[in-house]
Colleague: 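Okay, here's the structure, questions in a sec.
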Amino acid sequence: MLGITVNKERCMDMVKNSIGIVTALNPYIGYKTSTKVAKEALETNRSVYDIVLEKGLMTQEKLDEALDPKNMLKPM
(Lines give C-alpha, C1' and ligand atoms only; values in the text may rest on other atoms or scores of the structure.)
Protein backbone atom coordinates (compact mmCIF):
# COMPACT_ATOMS: atom_id res chain seq x y z
CA MET A 1 0.00 0.00 0.00
CA LEU A 2 1.34 3.43 -0.94
CA GLY A 3 -0.52 5.38 1.71
CA ILE A 4 -2.95 6.90 -0.75
CA THR A 5 -6.42 7.50 0.61
CA VAL A 6 -9.60 8.57 -1.09
CA ASN A 7 -11.17 11.87 -0.14
CA LYS A 8 -14.79 10.92 -0.79
CA GLU A 9 -16.13 14.42 -0.07
CA ARG A 10 -13.73 16.03 -2.56
CA CYS A 11 -14.58 13.42 -5.19
CA MET A 12 -18.31 14.07 -4.74
CA ASP A 13 -17.72 17.82 -4.98
CA MET A 14 -15.95 17.25 -8.27
CA VAL A 15 -18.89 15.18 -9.53
CA LYS A 16 -21.41 17.84 -8.45
CA ASN A 17 -19.43 20.57 -10.21
CA SER A 18 -18.90 18.69 -13.46
CA ILE A 19 -21.04 19.76 -16.40
CA GLY A 20 -20.86 16.18 -17.63
CA ILE A 21 -23.15 14.92 -14.88
CA VAL A 22 -26.08 16.39 -16.73
CA THR A 23 -26.14 13.30 -18.95
CA ALA A 24 -26.79 11.11 -15.89
CA LEU A 25 -29.88 13.21 -15.22
CA ASN A 26 -31.48 12.70 -18.64
CA PRO A 27 -33.60 9.73 -17.50
CA TYR A 28 -34.91 11.78 -14.58
CA ILE A 29 -35.50 15.28 -15.97
CA GLY A 30 -35.36 14.69 -19.72
CA TYR A 31 -32.94 15.69 -22.42
CA LYS A 32 -34.39 19.16 -23.07
CA THR A 33 -34.38 20.13 -19.42
CA SER A 34 -30.89 18.69 -18.95
CA THR A 35 -29.67 20.80 -21.85
CA LYS A 36 -31.20 23.96 -20.37
CA VAL A 37 -29.62 23.22 -16.99
CA ALA A 38 -26.21 22.61 -18.60
CA LYS A 39 -26.44 25.85 -20.55
CA GLU A 40 -27.39 27.82 -17.44
CA ALA A 41 -24.55 26.19 -15.47
CA LEU A 42 -22.04 27.22 -18.12
CA GLU A 43 -23.40 30.75 -18.47
CA THR A 44 -23.58 31.43 -14.73
CA ASN A 45 -20.56 29.39 -13.61
CA ARG A 46 -22.77 27.49 -11.18
CA SER A 47 -23.09 23.75 -10.62
CA VAL A 48 -25.65 21.55 -12.32
CA TYR A 49 -26.35 20.12 -8.89
CA ASP A 50 -27.30 23.49 -7.40
CA ILE A 51 -29.41 24.52 -10.37
CA VAL A 52 -31.39 21.26 -10.35
CA LEU A 53 -32.15 21.74 -6.66
CA GLU A 54 -32.93 25.45 -7.03
CA LYS A 55 -35.43 24.80 -9.81
CA GLY A 56 -37.04 21.96 -7.86
CA LEU A 57 -36.40 19.50 -10.68
CA MET A 58 -35.40 16.77 -8.22
CA THR A 59 -35.23 16.38 -4.47
CA GLN A 60 -31.77 16.38 -2.95
CA GLU A 61 -32.24 12.75 -1.94
CA LYS A 62 -33.18 11.68 -5.49
CA LEU A 63 -30.41 13.80 -7.00
CA ASP A 64 -27.79 12.32 -4.68
CA GLU A 65 -29.05 8.84 -5.54
CA ALA A 66 -28.92 9.57 -9.28
CA LEU A 67 -25.38 10.92 -9.01
CA ASP A 68 -24.05 8.18 -6.78
CA PRO A 69 -21.24 6.65 -8.87
CA LYS A 70 -22.43 3.15 -7.96
CA ASN A 71 -25.86 3.90 -9.39
CA MET A 72 -24.48 5.52 -12.51
CA LEU A 73 -22.89 2.21 -13.44
CA LYS A 74 -26.17 0.29 -13.32
CA PRO A 75 -28.63 0.08 -16.21
CA MET A 76 -31.89 1.94 -15.63
Colleague: For Lys39, enumerate each residue passing the side-chain hydrogen bond (donor to acceptor under 3.5 Å, both in side chains) test, keeping only those at least two apart in sequence or located in another chain.
Modeller: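 Applying side-chain hydrogen bond (donor to acceptor under 3.5 Å, both in side chains) to Lys39 gives none.
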Colleague: Val48 and Ser18: which non-hydrogen atoms are nearest, and at how many Å?
Modeller: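 Here Val48 and Ser18 meet closest at CG2-O, 4.2 Å.
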Colleague: With side chain to side chain contact (heavy atoms under 4.5 Å, CB included) as the test, would you mind laying out the steps for Thr44 and Ile51 before giving the verdict?
Modeller: CA-CA 10 Å; Thr44 62; Ile51 293 169; 4.3 Å; yes
Colleague: Among Leu67, Leu25, Val22, which residue meets the side chain to side chain contact (heavy atoms under 4.5 Å, CB included) test with Val52?
Modeller: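 Of the listed residues Leu67, Leu25, Val22, the side chain to side chain contact (heavy atoms under 4.5 Å, CB included) partner of Val52 is Leu25.
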Colleague: Membership question, hydrophobic clusters at under 4.5 Å side-chain separation (ILVMFWY): are Leu63 and Met14 in the same one?
Modeller: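 As far as the 4.5 Å side-chain criterion goes, Leu63 and Met14 are not connected within one cluster.
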Colleague: Could you check Glu54 against Tyr49 for side chain to side chain contact (heavy atoms under 4.5 Å, CB included), going step by step and ending with a plain yes or no?
Modeller: CA-CA 9 Å; Glu54 179 184 285; Tyr49 187 89; over 6 Å; no
Colleague: Take Asp50 and Ser47 through the test side chain to side chain donor-acceptor pair (under 3.5 Å) and record every step on the way to the result.
Modeller: CA-CA 5 Å; Asp50 290 341; Ser47 73; 3.1 Å; yes
Colleague: What distance do Asn17 atom CG and Arg46 atom CZ have between them, rounded to the nearest 0.5 Å?
Modeller: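 Spacing of CG (Asn17) from CZ (Arg46) equals 11.5 Å.
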Colleague: State, with a plain yes or no, whether a side-chain heavy atom of Leu57 is found less than 4.5 Å away from one of Tyr28.
Modeller: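 Counting from C-beta outward, Leu57 and Tyr28 never come under 4.5 Å.
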Colleague: Distance check, rounded to the nearest 0.5 Å: Leu53 atom CG versus Met58 atom CE?
Modeller: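 Separation between the atoms: 9.0 Å.
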Colleague: Show the nearest heavy-atom pair for residues Cys11 and Val6, with the distance to one decimal.
Modeller: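 Closest pair (atom of Cys11, atom of Val6, distance): SG-CG1, 4.3 Å.
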Colleague: Has Thr23 got a side-chain atom pairing as donor or acceptor with Gly20's backbone, closer than 3.5 angstrom?
Modeller: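 Here the side-chain-to-backbone pair exists.
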Colleague: Over all heavy atoms of both residues, which pair between Asn26 and Tyr31 is shortest? Give the atoms and the distance, please.
Modeller: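 Where Asn26 meets Tyr31 most closely, the heavy atoms are OD1-CA, 3.7 Å.
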Colleague: Would you call Leu42 and Glu40 a side-chain contact if the rule is heavy atoms closer than 4.5 Å?
Modeller: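 Side chain of Leu42 against side chain of Glu40, heavy atoms only: no contact under 4.5 Å found.
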